[in-house]
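As a basis for the values below, the full set of heavy atoms in this structure was taken, side chains included, without hydrogen atoms, waters or symmetry mates.
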Amino acid sequence: MIVEFYTRPDCPLCEEAKIMLKLVQEDQSFIIEEKNINERDEWTEEFGLMIPVIKTGGEIIQYGQVDYPTLSKRLQKNT
């Protein structure tokens, strides 16, 4: 499973979300594709006010304040 992680530099919430993703990754098998929204205008338009955004299978799993229980549960459903 591929998990898309939309972020931008110097984003404290993004750093926390990345830690949560890596913790969940210890229990579940998936690949993290980190995407800097500053690299594409369409990503900035879509996710600019929401980051960090975690997406898989075209579905937003969690955004903003990311927590381990919700992230783990939502990703487990998509495996």
Side-chain angles (χ1 to χ4, degrees):
M1 174 171 61
I2 295 174
V3 173
E4 298 169 274
F5 177 49
Y6 294 89
T7 183
R8 75 165 31 121
D10 302 317
C11 168
L13 279 178
C14 300
E15 291 302 317
E16 289 176 28
K18 189 174 190 175
I19 292 167
M20 290 301 123
L21 268 174
K22 292 201 179 279
L23 286 172
V24 173
Q25 196 177 39
E26 291 176 6
D27 298 326
Q28 299 180 40
S29 179
F30 58 86
I31 296 166
I32 301 168
E33 283 187 357
E34 191 167 339
K35 299 180 179 190
N36 178 350
I37 67 166
N38 293 340
E39 292 177 4
R40 292 202 179 161
D41 290 340
E42 60 266 25
W43 293 345
T44 302
E45 288 175 29
E46 186 174 357
F47 304 119
L49 299 175
M50 298 169 63
I51 63 162
V53 175
I54 299 169
K55 222 175 138 175
T56 189
E59 176 187 356
I60 294 176
I61 301 299
Q62 202 170 17
Y63 67 92
Q65 192 72 37
V66 174
D67 65 274
Y68 181 91
T70 304
L71 185 59
S72 178
K73 186 176 177 181
R74 301 282 314 273
L75 286 174
Q76 199 167 37
K77 284 183 181 180
N78 287 298
T79 56

Determine, using the 4.5 Å side-chain heavy-atom cutoff (strictly less than), whether [X] and [Y] are members of one ILVMFWY cluster.
X: L23; Y: M1; value: yes
X: L71; Y: I32; value: yes
X: I61; Y: I19; value: yes
X: F30; Y: Y68; value: yes
X: Y63; Y: L75; value: no

For a side-chain contact (heavy atoms from CB on, under 4.5 Å) check, start with the C-alpha distance between E59 and R74, then their side-chain angles and the critical distance, and finish with the verdict. CA-CA 10 Å; E59 176 187 356; R74 301 282 314 273; 2.7 Å; yes

Run the numbers on T44 and R8 for side-chain contact (heavy atoms from CB on, under 4.5 Å), then give the verdict. CA-CA 9 Å; T44 302; R8 75 165 31 121; 4.2 Å; yes

Report, as yes or no, whether the 6.0 Å neighbourhood of atom CG on D41 holds more than 12 heavy atoms from other residues, nucleotides or ligands. no

Working for side-chain contact (heavy atoms from CB on, under 4.5 Å), residues I54 and V3: CA-CA 7 Å; I54 299 169; V3 173; 3.5 Å; yes

Point-to-point distance, once rounded to the nearest 0.5 Å, from SG of C11 to CD1 of I37: 8.5 Å

Which distance, rounded to the nearest 0.5 Å, do you find between the CD of E46 and the CD1 of I51? 13.0 Å

Hey, are S72 and Q28 close enough side-chain-wise for a donor-acceptor pair under 3.5 Å? yes

Do Q62 and D67 have side-chain N/O donor and acceptor atoms under 3.5 Å apart? yes

Testing F5, F47, W43 for side chain to side chain contact (heavy atoms under 4.5 Å, CB included) with K35, which one passes? W43

Without swapping roles, check the side chain of S29 against the backbone of Q25 for a donor-acceptor pair under 3.5 Å. no

Are any side-chain N or O atoms of T56 and backbone N or O atoms of I2, one a donor and one an acceptor, separated by less than 3.5 Å? yes

State, to 0.1 Å, how close L13 and Q65 come at their nearest heavy-atom pair, and which atoms those are. CD2-OE1, 3.3 Å

Nearest heavy-atom contact between P9 and N38 is CD-ND2, 3.5 Å

